[in-house]
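These notes are about the structure you will find just below.
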There are 6 protein chains.
Amino acid sequence: MPIVTIQQFPRDAEQKRQLAEKVTQSFVEIYGASPESVQIFFQETDRQDWAKGGKLGGNVPSAD
Amino acid sequence: MPIVTIQQFPRDAEQKRQLAEKVTQSFVEIYGASPESVQIFFQETDRQDWAKGGKLGGNVPSAD
Amino acid sequence: MPIVTIQQFPRDAEQKRQLAEKVTQSFVEIYGASPESVQIFFQETDRQDWAKGGKLGGNVPSAD
Amino acid sequence: MPIVTIQQFPRDAEQKRQLAEKVTQSFVEIYGASPESVQIFFQETDRQDWAKGGKLGGNVPSAD
Amino acid sequence: MPIVTIQQFPRDAEQKRQLAEKVTQSFVEIYGASPESVQIFFQETDRQDWAKGGKLGGNVPSAD
Amino acid sequence: MPIVTIQQFPRDAEQKRQLAEKVTQSFVEIYGASPESVQIFFQETDRQDWAKGGKLGGNVPSAD
């Protein structure tokens, strides 16, 4: 604990590496958690398996 | 909000497109939600990663 | 299958009753699933356990 | 019900077959559930989509 | 890893205690996982937050 | 997107407020996401609904 699940569009490994490091630091600083207690799962979703506003694939800027 | 996650066997894009549209409409009509607030995730599971009745791959009619 | 999980703010039972009925019908009509194969879980989240735009409790119209 | 979701590194089908059987038996014996009511989902995560201790890919013995 | 999430109707602590022990043993025996690597979350759902067959509260034998 | 779900023991609102802010910033800086696209859900689990090492309630330092 804590267990963090991130649903997102696919990202490259370097971005995930940086994000995992920063998010884990946040738990250490704010909750006083030990780094080893934090696990993060990236669940990458293809755009055709996601809908927003009733539209499959959505209609969002590529960064979101 | 709301965030809808659907665990299912793989379906073709046209079925998911129709389902996303209808499910989103339900939230708009019944909850008064704005369409843009509804996000849907399809988590497709292969039959060999699912069990029912203790049997991997289950033993269900193909429609379910 | 399918298993549907809905993360939402708390709603009254009548709204959930109507939504469960409509969403299940969508799977029956579009996927040809049997009604009994569809299970829906409502995971209600209090506003103080949710954040958007970095703000706990968010800043959204009450319908969303 | 119950619906069991297992987040794990990839395993071969024979291990998942045995695990699904044993876990289902546990619900039957301890809860008195019918076997058919138990559904299990294996969500397999590649090592590069998981972090522990702030490190993508973690640093764990291969069995864990 | 593995992380196990169990969606179920509320159960008493003794049943959950026994189930957690048995399920963890299954991972140790079949996967060769260390017991400490197994985490289990019980997500208890009230009957009015669950639907089957399109009916809120479902229509199932009490054991299921 | 991204949608972040955090399974944790109960925390006070001030800690969650700070964490939501920091985690959202990480997505903005590293992914280039807009803040409004980031939603975070805190799923708080009581100690008696969680097991580690096969023991309900676990046996962990209070910070973890």
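Note: hydrogens, waters and symmetry copies are ignored here, and every other heavy atom, side chains too, is used. By convention in this document, chain letters (A, B, ...) are assigned in the order of the sequence lines, proteins followed by strands, and residues within each chain are numbered from 1.
Only the side chain of C/Gln43 comes within contact range of chain E, judged by heavy atoms closer than 4.5 Å. Heavy-atom distances place no part of C/Gln18 under 4.5 Å from chain E, backbone and side chain included.
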Exercise for the section: List the steps and the verdict of side chain to side chain contact (heavy atoms under 4.5 Å, CB included) for E/Asp49 and C/Glu44. Expected result: CA-CA 8 Å; E/Asp49 285 324; C/Glu44 297 191 324; 4.1 Å; yes
Practice task
Report the C-alpha distance between E/Lys55 and C/Glu21 in whole Å, list the side-chain angles of each, state the deciding distance to 0.1 Å, and finish with yes or no for side chain to side chain contact (heavy atoms under 4.5 Å, CB included).
Solution key: CA-CA 6 Å; E/Lys55 300 215 180 321; C/Glu21 192 181 324; over 6 Å; no
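Of all the heavy atoms in E/Trp50 and C/Phe42, the pair that sits closest is N-CD1, 4.4 Å.
In this structure, C/Thr24 OG1 and E/Leu56 CG are separated by 10.0 Å, a value rounded to the nearest 0.5 Å.
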